[in-house]
Amino acid sequence: MAEREGSEPVRAACAPVRRVTARVNVAAIERNCTRLRTELRGGAALCAVVKADGYGHGAVQSARAAIDGGASWLAVASAREVSELREAGLRDVPVLVMGALSMAELEEARAADADVVVWSERDVEQLAAAGGGRVHVKLDSGMGRLGTRDPAEASRVAAAAMAAPGVELAGVMTHFATADDLEDDGFFAHQLAAFTSWARGVKEQQPGLLIHAANSAAMLREAEAQFDMVRCGVAIYGMDPFGKNPGARALEPALELSSYVAEVKRCEVGESAGYGRQFVAERDTWLGVLPIGYGDGWRRGLSNNADVLIGGRRYPLVGTVSMDNITVDIGDEAHERVRCERAILIGFQGGERITAEEVARRLDTINYEITCGLTARVPRTYHRDGVLLAQLVGP
Ligand SMILES: *Cc1c(COP(=O)(O)O)cnc(C)c1O
């Protein structure tokens, strides 16, 4: 260790921990899929939704784990996302692109041999002109987003798809607006009824057709919504679609977000930490500085509004979340022990745990946004119940 003249010895940097890591347990994703499949009635297929880079978990690794857990379809939102899966070698599994597609994106989706969603006769004509492909007709039964609200038009689109050269009518679908709200005012049942009567009619003409409607919440709350396939995203990652405790539904969070205590410093009464002095010590204490911030997706709304686990104990995040750092109030007793310690921001440590649901509640948002919001600066590492697989993304 070098020694500066007339000053304290230069302290060694902490052992080689990354500043921030998102560790994803692929075995958890696999088990969540297996677990979800036990809820399926009548042989419905599981389609694993891996859009937005697998809700921040990594699309390719998540897709592989879901397939190992029994998913037989994948779904994404964009053409680029399906290309990524194909380029990574996921060639044989059917992939549905659920989002709206520009002409160029439609070409990309076709090149990737994806199924696409249509809801107008023009969509079908365009696809036929581009050389054809498999389509799923979307009825907007109440989401008010993609799809046609008119069942008669949806039926015409389905007929056009059956007639158009090179086009194959592979499925009919809808999407629920309130499936995650168990106290909804009957709107879920209303959507389900509207879709069921239309979809069954189309299937009479095309018996091989896949009817699908349910997201994670819908498949868990209502077996009647499962039809031939369910499209599960959030639950395969072990997050609760109802925003509650995932463990209560035997779902296992797959992602752990960690950092470490890079610095410990004294903070005397009246001294502050962070931009805007949003924390001023009311007693002498010690602060731990963790190199994670909103640049990593640890959002600024967590300023004075989150806990962190260090050595199996909860400590409050104090002061403002900066782009690259946060500060934690360590108190008086443990400060000597925490320097260089790992810190868990989402995950388990000792008997304590912090879920994405807890973080979401503090930010008045949903668990989806927490994991999706982890930025590209956060390296994802993959393990199978502790056995390291590969580091795929990031520095
Ligand atoms: C994202 C998405 C899903 C998956 O929803 P979860 O709530 O994550 O299970 C299903 N269907 C469509 C159309 C979606 O956009």
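For ligands, and for the atoms within them, numbers begin at 1 and follow the listed sequence.
- Salt-bridge formation is not detected for the pair Arg313/Glu341: no Lys NZ or Arg NE/NH1/NH2 atom is positioned less than 4.0 Å from an Asp or Glu carboxylate oxygen.
- Across the listed options Tyr55, Phe176, Tyr368, Tyr55 owns the non-hydrogen atom lying nearest to atom 4 (C) of ligand 1.
- Contacts with ligand 1 closer than 4.0 Å are made by heavy atoms of both the backbone and the side chain of Arg231.
- His175 CE1, 3.3 Å is the protein heavy atom nearest to atom 12 (C) of ligand 1.
- The atoms of ligand 1 that sit less than 4.0 Å from any heavy atom of Met98 are 2 (C), 11 (N), 12 (C), 13 (C), 14 (C), 15 (O).
- Under a 4.0 angstrom heavy-atom cut-off, Cys232 registers as being in contact with ligand 1.
- Open room surrounds CD on Glu282; 12 or fewer heavy atoms of other groups in view lie less than 6.0 Å from it.
- Residue Val49 has no N or O atom closer than 3.5 Å to an N or O atom of ligand 1.
- Cysteines Cys232 and Cys47 have SG atoms no closer than 2.5 angstrom.
- Among all protein heavy atoms, the one lying closest to atom 5 (O) of ligand 1 is Asn215 CB, 3.4 Å.
- When hydrogens are left out, the protein atom nearest atom 15 (O) of ligand 1 is Lys51 NZ, 2.7 Å; that is the closest non-hydrogen contact.
- For Trp73 and His136, the ring centers sit closer than 6.0 Å to each other.
- A salt bridge is defined here as a Lys NZ or Arg NE, NH1 or NH2 lying under 4.0 Å from an Asp or Glu carboxylate O, and Glu81 with Lys51 fails to meet this definition.
- Considering Arg35, Arg384, Arg64 in turn, Arg384 is the only one that fulfils the salt bridge (charged side-chain N to carboxylate O under 4.0 Å, His left out) rule with Glu30.
- Below 3.5 Å of separation, one finds an N or O of Ser216 facing an N or O of ligand 1.
- Among the atoms of Val234, some N or O lies under 3.5 angstrom from an N or O of ligand 1.
- Checked for salt-bridge contact, Arg221 and Asp184 meet the test: a charged N lies under 4.0 Å from a carboxylate O.
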